[in-house]
Colleague: 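Starting off with a structure, shown below.
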Amino acid sequence: MPDRRTLIHAVAALALGSTFARAAPKTRTIRVVARKFQFVPAEIRVRKGEAVTLQFSAPEVPMGVNFADFGTRADIVPGRVATLRLVPESVGRYTFVCDVFCGSGHEEMSGTLIVDA
C-alpha cells in the first residue's frame, strides 16, 4: 500500500495534468489546394480564438500564400504540403492571396478567411 505522501503526489500530478490538458486548445486542420488560379476552398470559416492548421498543396506549379493581416506566408511547392498555423483573435473577413506568380490569372487568385465570434 502506498504511503500518504505518494498518494498526495499522485493526486497532485493528476490534477495538474488534467488542468494542462484542458488548457491546450484543440487544433483543427483545414486542407487547401492552390490550383491555377484559385484556392479550393476559396472561403475558410473559423471561430475567434480557434487554433487552425492550414495545409496547402499545389498540384500544378509552385505558388505562395500570404495572410498579410496575420503577418505570415508560405511557399507552396508541388509534391509537398505547406503548413501555416493561425489563432485568429479578431472577428472579421481577411483576404489571403497567392504571392508567387503562377501565370496569367495570378492577379485574381485570392481567398477569404472569415473569423466568427
Colleague: Quick one, R73 with D99, criterion salt bridge (charged side-chain N to carboxylate O under 4.0 Å, His left out). Give me CA distance, side-chain angles, the key distance, then yes/no.
Modeller: CA-CA 9 Å; R73 69 161 309 278; D99 65 355; 2.7 Å; yes
Colleague: With rounding to the nearest 0.5 Å, note down the distance linking CD1 in I44 to CD1 in I114.
Modeller: 9.5 Å
Colleague: If you group Ile, Leu, Val, Met, Phe, Trp and Tyr by side-chain heavy-atom gaps below 4.5 Å, do I30 and L113 land in one group?
Modeller: yes
Colleague: Are F70 and P88 close enough that some pair of their side-chain heavy atoms sits under 4.5 Å apart?
Modeller: yes
Colleague: Of all the heavy-atom pairs spanning K48 and S90, show the shortest one and how long it is.
Modeller: CG-N, 4.4 Å
Colleague: Do V33 and F37 share a hydrophobic cluster (ILVMFWY, side-chain heavy atoms under 4.5 Å, transitive)?
Modeller: no
Colleague: Are the side chain of R47 and the backbone N or O of A117 linked by a donor-acceptor pair below 3.5 Å?
Modeller: yes
Colleague: Should F39 and V77 be counted in the same cluster of Ile, Leu, Val, Met, Phe, Trp and Tyr side chains packed under 4.5 Å apart?
Modeller: no
Colleague: Quick check: do F101 and E107 have side-chain heavy atoms less than 4.5 Å from each other?
Modeller: yes
Colleague: With rounding to the nearest 0.5 Å, note down the distance linking CZ in R31 to CZ in F56.
Modeller: 13.0 Å
Colleague: Taking atom CD of E108 as the centre, report whether more than 12 heavy atoms of other residues, nucleotides or ligands fall under 6.0 Å from it.
Modeller: no
Colleague: Decide yes or no for E89 and V87: does some side-chain heavy atom of the first lie under 4.5 Å from some side-chain heavy atom of the second?
Modeller: yes
Colleague: A74 and A82: which non-hydrogen atoms are nearest, and at how many Å?
Modeller: CB-CB, 4.2 Å
Colleague: So do the side chains of R28 and V46 get within less than 4.5 Å of each other, counting heavy atoms only?
Modeller: yes
Colleague: Taking the side chain as C-beta and beyond, is there a heavy-atom pair between E50 and K26 under 4.5 Å?
Modeller: no
Colleague: Hydrophobic clusters here meaning ILVMFWY residues chained together by side-chain heavy-atom distances under 4.5 Å, can you tell me if V32 and V61 are in one?
Modeller: yes
Colleague: Please report the interatomic distance CZ(R35) to CD(E60), rounded to the nearest 0.5 Å.
Modeller: 5.5 Å
Colleague: Is there a side chain to side chain contact (heavy atoms under 4.5 Å, CB included) between T83 and L54? Walk through the geometry before answering.
Modeller: CA-CA 6 Å; T83 302; L54 302 172; over 6 Å; no
Colleague: From T112 OG1 over to Y94 OH, what is the distance, rounded to the nearest 0.5 angstrom?
Modeller: 12.5 Å
Colleague: Find the distance between CZ (F67) and OG1 (T72) and round it off to the nearest 0.5 Å.
Modeller: 8.0 Å
Colleague: Would you indicate whether the side-chain heavy atoms of V40 and Q38 approach each other to under 4.5 Å?
Modeller: yes
Colleague: Are the side chain of H106 and the backbone N or O of V100 linked by a donor-acceptor pair below 3.5 Å?
Modeller: yes
Colleague: To the nearest 0.5 Å, how far apart are CD1 in I76 and SG in C102?
Modeller: 9.5 Å
